[in-house]
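Since the model is a prediction, treat every value here as computed from it, not as a measurement. Order of the sequence lines fixes the chain letters, A, B, ..., with proteins taken first and strands second; residue numbering starts at 1 for each chain.
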Protein chains: 2
Amino acid sequence: MTTHDNAAASRRTGGYANGRARRQQILDAAMNLFGDVGYRSASLREIAARVGISHPGLLHHFPTKEALLLAVLERRDEIDTATLQEDSDDGVELLRRVIDIVALNTHRRGVVELYTALAAEATSATHPAHDYFTQRYRHTLAAVTRAYRLTHEQGHLRDGISPAAAAAQLVAVMDGLQLQWLLDGGRTDMTGVVREFIAAQLTVAL
Amino acid sequence: MTTHDNAAASRRTGGYANGRARRQQILDAAMNLFGDVGYRSASLREIAARVGISHPGLLHHFPTKEALLLAVLERRDEIDTATLQEDSDDGVELLRRVIDIVALNTHRRGVVELYTALAAEATSATHPAHDYFTQRYRHTLAAVTRAYRLTHEQGHLRDGISPAAAAAQLVAVMDGLQLQWLLDGGRTDMTGVVREFIAAQLTVAL
DNA sequence: CCTACCGATCGGTAGG
DNA sequence: CCTACCGATCGGTAGG
């Protein structure tokens, strides 16, 4: 039905609606397989089979396996970075947004699997996403450090906590909890533990 | 020289000294390659080449790739679990030992790479080390929770911190920091950040 | 988008 | 421990 509607729409618009829909299907399938077995062990044939095309068919949309990887990362990055980069001078408000991301991730197992698998894989200097993750962590840590610095300036950060160390801790807690959450079948209360962690650093209620 | 000495020793003892030495070489090479590219993407041929034998030669020592993986994990597990399982009723003392492990890891990049790569890979239910890591985390979390419970009973844990949540946080911080440390070329001060993290939970000096 | 194919590589076995 | 081999699978290309 959907396919028929899309085909009709394509005829109507004369555009590339089908191609765009197919690309989305491929990106979704690639995200899931990369998350399950990592980039290196994932095969283009398996991804193609999951969307019902041949693997040369897939390569028509993404010229190489590496291009597919970068497209998956680019697409999946938008939400999280936007959330933290949105301008705000309220440190505690920014930390609340971090908690919101954690809560959101609870309902996006595929995304969590993707980043857990790829971040670990990309610590290898020869991995095609090595530079991507190196920069991603640098930016994330800078943004979270800023949130804690603002919190400190507003007098809401506990004494003896340095913004840089607090940021390294928070980012680490989030990554580490995702690992625990994936390993124990979603029983870990990621949101609750992160909230408790941040609350213990502040002198005000969250 | 070493090879010659070993050969001489083998002739003297008539035992399996060479075989044991070869097994150690294989386990070291496997640890390094598993840590670099993960288990699935590592090849027996590459590991064998690094110790100067053929890949059927490697299979003479370890019958399957999976057996090699489990042997690597078994061997590398001893230090850490022993450190935490050693009997002590002093919670703060146990937490100090955790810091010692982090400090030790700073000088064992290969081990850190191994666990970071394999833990993420093993979140997949079909991974041969899935059960191993599931149990490893359960045991580690139980041991660390006990350390915080003892700390609490001794009146050295800050108010409002639950032992179970504190344990999940500490294990998560350690795993997450390893990721940051690997990605930024060892610049992250894992030991300092973990010490600061634990210190902030306690009412006594570390 | 397809079939057909390329050279390379995989884990494991046969047989010594 | 070796050489030689097995069937399976890989990313990518040719040519339509």
Heavy-atom closest pair, residues [X] and [Y]:
X	Y	result
B:L44	B:L68	CD2-CD2, 4.0 Å
A:A129	A:A122	O-CB, 3.8 Å
A:A147	A:L95	CB-CD2, 4.1 Å

Inset, instruction - Report, as yes or no, whether the 6.0 Å neighbourhood of atom CD on B:Q154 holds more than 12 heavy atoms from other residues, nucleotides or ligands. - result: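 More than 12 heavy atoms, drawn from other residues, nucleotides or ligands, come within 6.0 Å of this atom.
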Legend entry - NE2/B:H130: more than 12 non-hydrogen atoms of other groups inside 6.0 Å: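 Counting neighbours around NE2 of B:H130, more than 12 heavy atoms of other residues, nucleotides or ligands fall under 6.0 Å, so yes.
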Inset, instruction - Map every base of DNA chain D to its dot-bracket character, where paired means a Watson-Crick or G-U wobble contact with both distances under 3.5 Å and | marks a partner outside the strand. - result: ||||||||||||||||
Inset, instruction - Check DNA chain C against residues 122-133 of chain A and give the residues with a non-hydrogen atom under 4.0 Å, in numerical order. - result: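 Residues of residues 122-133 of chain A that come under 4.0 Å of DNA chain C do not exist, since none gets that close.
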Legend entry - For DNA chain C, the residues among residues 41-59 of chain A that have a non-hydrogen atom under 4.0 Å from it: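 When residues 41-59 of chain A is checked for heavy atoms under 4.0 Å from DNA chain C, the hits, listed by number, are A:R45, A:I53, A:S54, A:P56, A:G57.
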Inset, instruction - Residues of residues 61-76 of chain A with any non-hydrogen atom less than 4.0 angstrom from an atom of DNA chain D: list those, numerically ordered, please. - result: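 Only A:T64, A:K65 qualify.
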Inset, instruction - Mind checking the CG-NE2 spacing from A:L206 to A:H156? Nearest 0.5 Å is all I need. - result: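 Nearest 0.5 Å value for the CG-NE2 distance: 11.5 Å.
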Legend entry - Rounded distance [0.5 Å steps], CZ in A:F133 versus OG1 in A:T123: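 Reported to 0.5 Å precision, the distance equals 10.5 Å.
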Legend entry - Along DNA chain C, first and last positions that approach a heavy atom of chain B under 4.0 Å: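 Here the contact window of chain B covers C:dC10 to C:dT13.
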Inset, instruction - Using the salt bridge (Lys or Arg N to Asp or Glu O under 4.0 Å) rule, pick out the option among B:R23, B:R50, B:R75, B:R22 that qualifies with B:D28. - result: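 Single pass found, and it is B:R75.
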Legend entry - Which residues share a side chain to side chain contact (heavy atoms under 4.5 Å, CB included) with A:A67, sequence neighbours left out: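 Once residues adjacent in sequence are excluded, the partners of A:A67 under the side chain to side chain contact (heavy atoms under 4.5 Å, CB included) criterion are A:P63, A:T64.
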Legend entry - Modelled atom types, side-chain donor and acceptor of B:E66 and B:Y39, under 3.5 Å: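 Result is no, nothing qualifies.
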